[in-house]
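Whatever order the structure lists ligands and atoms in, that order sets their numbers, starting from 1. Keep in mind that what you see is a predicted model, and the values were worked out from it rather than measured.
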Amino acid sequence: MQGTSAITQELVLVGGGHSHSLVLRMWGMNPLPRVRLTLISDGFDTPYSGMLPGHVAGIYSRSECYIDLHPLAQFAGAQFYVDQVVGIDLERRQVLCRDRPPVRFDVLSLDIGSTPKVSAAVAPELTERAIAAKPIGRFLERWQRLQKAVTEASSPQDIAIIGGGVGGVELALAMEHRLQGRAKFHLIHRQQNLLPSHNFWVRRHLRRLLEEREVQLHLGEAAIAHVPNVIKCQSGAALPCDWSIWVTEAGATPWIQQCGLATDGRGFLAVNDKLQSRSHPFVFAAGDVATLTHAPHPKAGVFAVRHGKPLFHNLRAYLQEKPLQIYRPQQRYLSLIGSGDGRAIASRGPLWAWGKWVWRWKDWLDRKFMTQFQDLSPMPSSMADPAAHSKTNGDAPQVPPMFCAGCGSKVGRQTLTRALARLECDRPGAQGNRHSNGSPIPLLESPDDAAIWQPPGDRPLVQTIDYFRSPIADPYRFGQIAANHCLSDLFATGATPHSVLALATIPYGSSKVQEETLYQLLRGIDKILSPLGTALIGGHTTEGPELALGLSCNGLLDQPSPLTKGGLQPGDRLILTKPLGTGTLLAAHGRNRARGQWLEAAIAMMLQSNHVAGAIAQSFNPHACTDITGFGLLGHLIEMVEASSKSLTITLKQSQIPALPGSLACLEQGITSSLQDRNAQLQNQVSPWRSPLSPQQALLVDPQTSGGLLIAAPEQDTMMLLKQLHQAGYKDAAVIGTVSDSSNSQASAPDRPILLKS
Ligand SMILES: Cc1cc2nc3c(=O)[nH]c(=O)nc-3n(C[C@H](O)[C@H](O)[C@H](O)COP(=O)(O)OP(=O)(O)OC[C@H]3O[C@@H](n4cnc5c(N)ncnc54)[C@H](O)[C@@H]3O)c2cc1C
């Protein structure tokens with residue numbers, strides 16, 4: 001028996017905005033045991049609005065003004081699902097996502113921001129040129145395209161900024177500074193006064209700045225249409241316009257109202273003075289999406305930041321059934337408005353100041369804010385709230401539960417049954433025959449002690465098994481990665497998957513929490529198996545400290561003999577279908593040192609199945625094939641050489657070997673997987689091979705999860721095979737080496753079959 005803490009409640013954060021970023025940071029420093037935290041956001045990073053105009057002006061790089069959510073979630077010990085939320089089922093307490101199964105919660109918090117409405121009719125051919133300032137990520141992508149187009153245009157382009165609040169004015173000044181002289185700017189504002197919420201002096205000063213920079217002001221005008229080359233206004237005025245930027249009044253996403261949450265008159269979620277939904281107390285909200293109906297304040301990043309602390313406090317208090325804290329927004333607050341040229345204006349009530357020193361002050365504050373998301377060293381356990389570890393609900397100390405080993409560690413029967421039933425319900429045509437997708441049909445009508453199947457025909461049966469701990473905090477994507485990884489051996493041999501048995505370890509938790517994990521995991525497996533017509537025929541689910549999954553896969557050979565590792569022929573070219581580097585990147589992620597964009601690229605690679613690559617390879621009758629997994633490229637290549645009957649030399653071109661983004665940077669820092677050292681014992685096999693390894697050499701022994709196929713094909717087929725792989729989406733597939741007869745080779749010692757060339 002083992003003592004450990006079981007998860008009993010699920011807190012789900014939707015949107016990685018300013019408030020939730022702070023909640024994650026604070027949660028990492030002071031977590032609540034027995035509560036599983038999950039973040040769902042539609043991007044792996046999120047912009048800090050205070051530095052956005054500075055980024056547009058060219059002062060900050062993208063990475064300086066984005067909060068990387070992967071390391072932050074890792075620091076908080078949170079699961080992180082990258083997906084867009086499209087609704088909430090309040091009755092079932094489920095978050096509905098665009099590309100993944102519903103996510104269950106006990107307590108929910110929303111921080112998804114707002115979107116300015118493009119409130120004019122836009123000619124269809126101009127939709128790419130009518131740019132909303134939010135979501136900021138999409139705005140910045142379009143801003144890059146706008147800059148390129150303006151730079152390449154033969155004459156200055158007209159850019160209309162619609163909205164004369166702080167955002168519009170600051171953006172106009174930043175863009176003007178960046179494009180200096182290459183564009184003509186127009187600022188269109190419905191009212192006569194710019195920045196109506198600021199004092200006279202601030203308004204006058206900013207107006208002067210805009211005029212000095214030759215931004216044409218169109219005050220008291222409302223834009224109603226963007227047609228080719230023109231913005232039409234309600235007054236009948238027609239202003240020249242190639243691009244329009246919309247920084248108008250913030251709007252709310254429609255699904256908030258549609259799902260039944262109480263809203264204000266504009267569709268934003270109505271919250272009380274505890275940031276708690278007025279209609280559903282188990283739902284909290286912060287930032288732009290929330291309206292404090294008792295004390296409304298502007299939709300601004302400064303408030304989204306201020307919401308962070310009370311939100312964190314109240315989420316914890318609600319989960320612990322303790323009294324919630326009242327949040328009172330400040331009536332007056334400091335605005336620091338940059339003018340894009342290294343100067344800024346400070347504005348607070350009747351007070352104001354202007355100059356370079358204000359910019360330096362703003363820059364210091366903004367960088368300080370961002371530092372807290374960059375310095376995410378793991379917390380010493382003594383710094384976490386010791387009280388939190390001995391309490392769950394209320395103040396009563398709880399004795400940690402004990403968990404059995406042996407067969408007592410199985411996940412409860414009802415938990416398993418419910419998760420499987422949900423999986424069955426979600427299948428297309430769920431009410432009909434579950435085997436209608438072409439998957440094999442069992443011989444038994446109902447589940448029994450073992451699965452019994454009649455293999456079709458007399459095709460040889462191919463069997464393989466793999467099992468590993470989850471390297472990412474997302475059971476749905478882990479289910480897909482593990483299924484791809486385990487099936488890969490079948491694709492390498494040219495077998496068609498027939499059925500699989502699953503062995504899953506589900507972290508300790510209440511039956512509801514375990515059901516949710518198992519359901520997400522099974523949906524991930526199903527996403528890979530379903531299109532292949534492969535059946536999950538049984539398995540075993542046990543409890544443990546960490547999520548892990550393995551599949552025992554059965555396949556059938558379509559041809560009389562399998563494609564094997566052996567069979568390399570002199571003159572063959574070696575094609576690798578996917579880039580290397582998952583071992584070091586996952587190790588870096590484990591130490592919270594992988595950038596979000598690196599990790600996402602690695603996950604995307606692991607989610608790509610080898611199924612199609614295997615089929616393409618088969619159609620060329622290659623001489624040999626294997627999949628690259630734990631032993632790394634060199635380990636598997638040596639297996640290929642050893643399995644081939646001839647005496648061979650492999651010449652690898654290191655510069656041609658595709659690497660995942662960030663993998664070489666991680667290896668450069670000495671971050672390696674625990675298996676790496678054992679894989680690197682190759683001094684008798686590889687020439688030259690000296691310690692310490694260069695990052696390029698370390699990549700060759702990096703253990704891969706769901707790695708690519710290594711195909712040996714005759715030279716004349718290589719280019720066509722490669723072309724088909726690229727067309728099928730294996731964009732990094734590359735010819736990485738050649739096979740030659742070692743008896744003719746001058747370059748390699750006979751006992752070192754692998755020769756590295758730069
Ligand atoms: C050009 C411009 C300049 C600005 N400058 C300033 C400034 O200097 N100071 C200031 O105080 N305010 C400024 N603002 C306002 C500021 O940007 C917003 O008030 C602030 O971003 C709101 O923060 P938030 O946390 O509510 O949401 P956001 O910062 O918008 O974060 C929302 C997060 O949720 C995610 N998300 C959104 N929808 C979904 C979904 N359906 N599913 C999953 N995830 C989702 C997003 O990807 C994002 O990560 C500016 C706004 C603009 C447009």
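Every atom of ligand 1 with a heavy atom of T46 under 4.0 Å away is listed here by number and element: 48 (C), 49 (O). Below 4.0 Å from some heavy atom of L171 lie the following atoms of ligand 1, by number and element: 1 (C).
Summarising the local packing, CD of Q180 is surrounded by more than 12 heavy atoms from other residues, nucleotides or ligands at distances under 6.0 Å.
Residues F303 and Y333 bring their aromatic ring centres within 6.0 Å.
At a distance under 4.0 Å, a protein heavy atom can be found next to atom 16 (C) of ligand 1.
Annotation: V247 places no N or O atom under 3.5 Å from an N or O atom of ligand 1; distance criterion only. Geometrically, ligand 1 and G50 share no nitrogen or oxygen pair separated by less than 3.5 Å. Here's the thing with S114: none of its N/O atoms is less than 3.5 angstrom from an N/O atom of ligand 1.
Partners of T263 according to the side chain to side chain contact (heavy atoms under 4.5 Å, CB included) rule, which considers only residues two or more places apart in sequence or in another chain, are I256, Q257. For D106, the salt bridge (Lys or Arg N to Asp or Glu O under 4.0 Å) test picks out R104, with sequence neighbours left out.
Taking atom 51 (C) of ligand 1 as the reference point, the nearest protein heavy-atom neighbour is K134 CD, 4.6 Å.
Not a single heavy atom of L69 lies less than 4.0 angstrom from ligand 1.
Of all heavy-atom pairs between S277 and L261, the closest is OG-CD2, 3.8 Å.
From I161, atom CD1 reaches atom CG of L187 across 6.0 Å, with rounding to the nearest 0.5 Å.
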